[in-house]
Amino acid sequence: MVALEERAAAQAAAPPPERKRKRRSHSRSEQRAGAAFAVPGIVLLLVFVIGPALVSLVLAFTNARLISPTPPEFVGLENFQRAFTEDATFHRSLLNTFLFACIVVPLQGGLGLVLALLVNQKLAGRNVFRTIFFLPVITSMVVVSLLWRFLYQEDGLINASLSMLTGGAWAGQAWLADPSTAMGAIVVMSVWQGVGFHMIIWLAGLQTIPEEVYEAGALDGCTPRQRFWHLTLPLLKPTFVFVLITITIAAMSLFVQVNIMTNGGPVGSTSTIVLQIVQKGFQQQQMGYGAALSLIFFCIVLTLALVQRRLTRDKDC
């Protein structure tokens with residue numbers, strides 16, 4: 001008797017067959033629609049990302065040239081041996097790229113956090129300051145590089161301002177023509193251009209922190225410094241990881257600024273890995289060697305990202 005009652009209750013609770021068929025039909029139509037929307041993205045990804053990456057991987061082990069009647073030949077690890085043992089320009093570019101990243105990553109990330117803390121205050125006109133700080137980000141890097149190249153000229157606005165501030169004692173400096181100042185000039189311009197983006201990321205992280213956390217800290221007698229170090233920073237760790245990885249990748253990919261402002265000069269003081277890849281692959285038409293350099297660059301950036309992610313992961317993971 002009990003079994004019959006349970007069977008009847010189960011049949012009553014189960015949806016009718018027509019409803020099941022409608023659900024399955026609706027689910028299939030959603031899957032087909034989702035697949036239709038995904039196909040264009042998948043095709044573009046295959047054509048413009050995965051495809052070129054596979055072609056570059058193959059070319060890295062050949063002596064292919066951009067325009068040549070001779071078909072490419074397999075040369076094994078010859079391109080990589082040349083890069084690490086013979087190419088002094090690549091060694092200098094590698095050093096310059098790491099130097100740029102080591103300066104820009106903490107400077108841009110730290111300054112972005114400071115600006116985010118400032119514009120997160122409940123002050124009049126804070127939206128205006130947010131817009132001002134973010135404007136360089138939405139401006140084309142080409143335009144920004146051209147603008148700062150004029151500013152850095154010997155008769156440019158920067159030297160004119162320094163001369164006015166020093167009462168004419170400043171004689172002027174060709175910032176981009178001096179090997180000792182060219183990279184520093186590019187660092188300043190790059191930090192100015194990109195700090196607004198990371199300010200917005202930090203600001204988004206700050207606004208996800210519940211106000212109750214700060215109220216509890218105030219009840220415990222936290223000073224502003226203690227609140228920042230013991231409440232704000234720990235809760236910003238996911239944002240910190242994102243900012244750290246994105247700045248590092250962007251810094252290692254330094255190209256546009258150098259290509260427009262110095263073209264790697266003077267005397268190779270601002271040459272970078274990406275600039276070398278472009279020059280070897282397209283200007284000197286050494287596609288095989290350029291592909292090998294791009295593969296080296298990919299491995300370096302991937303390794304840095306994985307190391308950073310491991311160092312900044314939660315200890316309980």
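Index from 1, following the sequence.
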Are side-chain heavy atoms of [X] and [Y] found at a separation under 4.5 Å?
X: I158; Y: W175; result: yes
X: L113; Y: L233; result: yes
X: S190; Y: Q257; result: yes
X: V114; Y: L117; result: no
X: L94; Y: I273; result: yes

May I have the step-by-step check of side-chain contact (heavy atoms from CB on, under 4.5 Å) for R225 and H230, ending in yes or no?
CA-CA 8 Å; R225 178 177 297 182; H230 300 290; over 6 Å; no
Same apolar cluster: [X] and [Y], side chain cutoff 4.5 Å:
X: V58; Y: L66; answer: no
X: I50; Y: L57; answer: no
X: I186; Y: L99; answer: yes
X: F282; Y: F297; answer: yes
X: L235; Y: F228; answer: yes

More than 12 heavy atoms of other residues, nucleotides or ligands under 6.0 Å from CZ of F129: yes or no?
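At most 12 heavy atoms, drawn from other residues, nucleotides or ligands, come within 6.0 Å of this atom.
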Please indicate whether F298 has more than 12 foreign heavy atoms, meaning atoms of other residues, nucleotides or ligands, lying under 6.0 Å from its CZ.
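No, CZ of F298 has 12 or fewer neighbouring heavy atoms, counting only those of other groups under 6.0 Å.
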Distance-only donor-acceptor check, side chains [X] and [Y], under 3.5 Å:
X: T248; Y: Q308; answer: yes
X: Q81; Y: E78; answer: no
X: N63; Y: Y289; answer: no
X: Q276; Y: R92; answer: no
X: Y152; Y: T181; answer: no
X: E154; Y: N159; answer: no

Under the side-chain contact (heavy atoms from CB on, under 4.5 Å) criterion, do T131 and V128 qualify, and how do the steps go?
CA-CA 5 Å; T131 304; V128 176; 5.8 Å; no
Which pair of heavy atoms, one from [X] and one from [Y], lies closest together, and at what distance?
X: A83; Y: L293; result: CB-CD2, 3.8 Å
X: T303; Y: C299; result: OG1-O, 2.7 Å
X: P179; Y: P266; result: N-CG, 3.6 Å
X: N79; Y: A60; result: ND2-O, 2.9 Å
X: G265; Y: A182; result: O-CB, 4.5 Å

Side-chain (R227) to main-chain (T232) donor-acceptor, under 3.5 angstrom
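Judged by distance alone, no pair lies under 3.5 Å.
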What's the separation between atom [atom1] in [X] and atom [atom2] in [Y], rounded to the nearest 0.5 Å?
X: I260; Y: F255; atom1: CD1; atom2: CZ; result: 8.5 Å
X: I277; Y: K280; atom1: CD1; atom2: NZ; result: 12.0 Å
X: S163; Y: D155; atom1: OG; atom2: CG; result: 12.0 Å
X: T272; Y: L275; atom1: OG1; atom2: CG; result: 4.5 Å
X: H91; Y: L95; atom1: NE2; atom2: CG; result: 11.0 Å
X: I296; Y: F90; atom1: CD1; atom2: CZ; result: 4.5 Å

Donor-acceptor pairs are to be reported for all side-chain atoms of residues 198-209 against protein atoms at under 3.5 Å, with residues two or more places apart or in another chain.
from, atom 1, to, atom 2, distance (Å)
H198, NE2, Q108, OE1, 3.1
W202, NE1, G109, O, 3.1
T208, OG1, G205, O, 2.6

Only one of N263, T262, N259 clears side-chain hydrogen bond (donor to acceptor under 3.5 Å, both in side chains) with T270; which?
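That would be T262.
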List the steps and the verdict of side-chain contact (heavy atoms from CB on, under 4.5 Å) for T246 and I249.
CA-CA 5 Å; T246 53; I249 294 175; 6.0 Å; no
Contacts under 3.5 angstrom, residues 133-148 side chains, donor-acceptor by atom type, not counting sequence neighbours:
from, atom 1, to, atom 2, distance (Å)
T139, OG1, L135, O, 2.9
S140, OG, V142, N, 3.3
S145, OG, M141, O, 2.7

Applying the side-chain contact (heavy atoms from CB on, under 4.5 Å) test to M252, which of V104, I247, T97 qualifies?
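Output: one option passes, namely T97.
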Take S56 and M287 through the side-chain contact (heavy atoms from CB on, under 4.5 Å) test and state the conclusion after the steps.
CA-CA 9 Å; S56 177; M287 290 298 294; over 6 Å; no
